[in-house]
2 protein chains.
Amino acid sequence: MKDNPKYQYMSTIMKAMAHPTRLFILDLLAEKEYCVCELQKKIGTDISTVSRHLAVLKNAGLISSRKVNNQVWYNLLCPCVLDFYNCLAKIKSKN
Amino acid sequence: MKDNPKYQYMSTIMKAMAHPTRLFILDLLAEKEYCVCELQKKIGTDISTVSRHLAVLKNAGLISSRKVNNQVWYNLLCPCVLDFYNCLAKIKSKN
DNA sequence: TTCCTATTTGGCAAAATATGCAAATATGTC
DNA sequence: GACATATTTGCATATTTTGCCAAATAGGAA
């Protein structure tokens with residue numbers, strides 16, 4: 001029962017969200033579409049790192065991308081994931 | 001901005017949930033209180049592993065525990081985390 | 001073609017996570 | 001005290017994740 005595909009599937013998505021930078025990216029994409037280089041400026045890490053974070057989110061089905069000339073624009077697919085922020089805000093973790 | 005404590009905090013909680021066994025545990029605790037040995041029977045891994053999963057969830061503030069004699073009973077603190085399941089169910093990941 | 005900008009990918013090292021076994025701890029019973 | 005049951009912790013190992021650099025790829029402009 002613990003290896004129920006339901007939990008495997010959900011943990012893939014939760015894992016994709018379980019990183020400060022990726023949560024920040026989701027928050028940004030909730031406002032508007034961003035290209036990689038704009039996100040890189042906001043985040044401040046190497047652009048290859050940003051690209052990999054985006055790949056993780058896209059692979060989990062949380063965002064989509066479209067290519068315009070030599071830029072790639074990313075969009076949030078499931079704004080409902082942000083509702084979760086309100087729930088988390090109520091939790092007092094010990095960290 | 002990416003190391004905003006808000007995102008650090010939220011990622012701790014997401015990370016705690018980002019494991020099939022721990023999602024299963026949260027689902028079980030949504031019904032009723034469980035002690036470690038009962039959870040161990042349902043999950044099937046070593047009891048020390050179950051204990052460690054519970055410690056992760058507790059540390060994130062998702063569950064609480066109370067000791068009765070030589071047993072420890074665990075409770076779900078934030079049933080709202082389960083609402084998230086409905087959101088995730090709409091997402092098609094590539095895994 | 002050459003050059004330029006934007007993005008992704010390969011490789012690698014460091015850090016974090018997962019898990020089982022054995023040992024330690026806690027609580028109750030005999 | 002000795003013993004039994006429930007749980008946690010120490011340790012070792014295996015796996016996964018992260019993040020940078022350099023190289024590869026893609027598209028447009030000169």
Are there any protein N/O atoms within less than 3.5 Å of an N/O atom in nucleotides 26-30 of chain C, and if so, which ones and at what distance?
from	atom 1	to	atom 2	distance (Å)
dA26(C)	O3'	Lys67(B)	NZ	3.4
dG28(C)	OP1	Asn69(B)	OD1	3.3

Could you list, one pair per line, each protein nitrogen or oxygen that sits under 3.5 Å from a nitrogen or oxygen of nucleotides 9-11 of chain D, together with the distance?
from	atom 1	to	atom 2	distance (Å)
dG10(D)	N7	Arg52(B)	NH2	2.9
dG10(D)	O6	Arg52(B)	NH1	3.0

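Distance, Phe24(A) CZ to dT18(D) C1': 18 Å, rounded to whole Å. Distance Arg66(A) CZ to dT7(C) P: 13 Å, rounded to the nearest Å. In this structure, Ile25(B) places its CD1 atom 13 Å from P of dT7(D), rounding to the nearest Å. Atom NZ of Lys15(A) is separated from atom P of dA18(C) by 8 Å (rounded to the nearest Å). Atom CD of Glu38(B) and atom C1' of dT7(D) are 14 Å apart (whole Å). The CD1 atom of Ile47(A) sits 13 Å away from the P atom of dC21(D) (whole-angstrom rounding). A straight line from OH of Tyr34(A) to P of dA6(C) spans 17 Å, rounded to a whole angstrom. Rounded to whole Å, atom P of dT8(C) lies 7 Å from atom CG of Leu54(A).
Under the 4.5 Å side-chain criterion, counting only non-hydrogen atoms from C-beta, Leu26(A) is in contact with Ile63(A). Using a 4.5 Å cut-off on side-chain heavy atoms (C-beta onward), His53(B) and Leu39(B) make no contact.
Between Cys80(A) and Cys87(B), the two SG sulfurs come within 2.5 Å of each other, short of that mark.
The shortest heavy-atom contact between Cys37(A) and Gln71(A) is SG-NE2, 3.8 Å. Taking each heavy atom of Lys42(B) and Phe24(B) in turn, the nearest pair found is O-CE2, 3.8 Å. In terms of heavy-atom proximity, Leu76(B) sits nearest to Leu29(B) at CB-O, 3.8 Å. Closest of all the heavy-atom pairs between Ala16(A) and Leu57(A) is O-CD2, 3.7 Å. The heavy-atom pair separating Val50(B) from Gln40(B) by the smallest distance is CG2-CA, 4.0 Å.
Comparing dG19(D), dT7(C), dA18(C) by their nearest atom to the side chain of His19(B) picks out dA18(C). Across dA6(D), dT7(C), dC20(D), the shortest atom-to-atom separation from the side chain of Cys37(B) is found for dA6(D).
Taking the six-membered ring where the residue is Trp, Tyr85(A) and Tyr7(B) present perpendicular rings, their angle passing 60° and hence far from 30°.
Contact between the side-chain N/O atoms of Tyr74(A) and the OP1/OP2 oxygens of dT8(C) is found at a separation under 4.0 Å. Applying the 4.0 Å criterion to OP1 and OP2 of dT17(D), one finds that His53(A) has every side-chain N and O outside that range.
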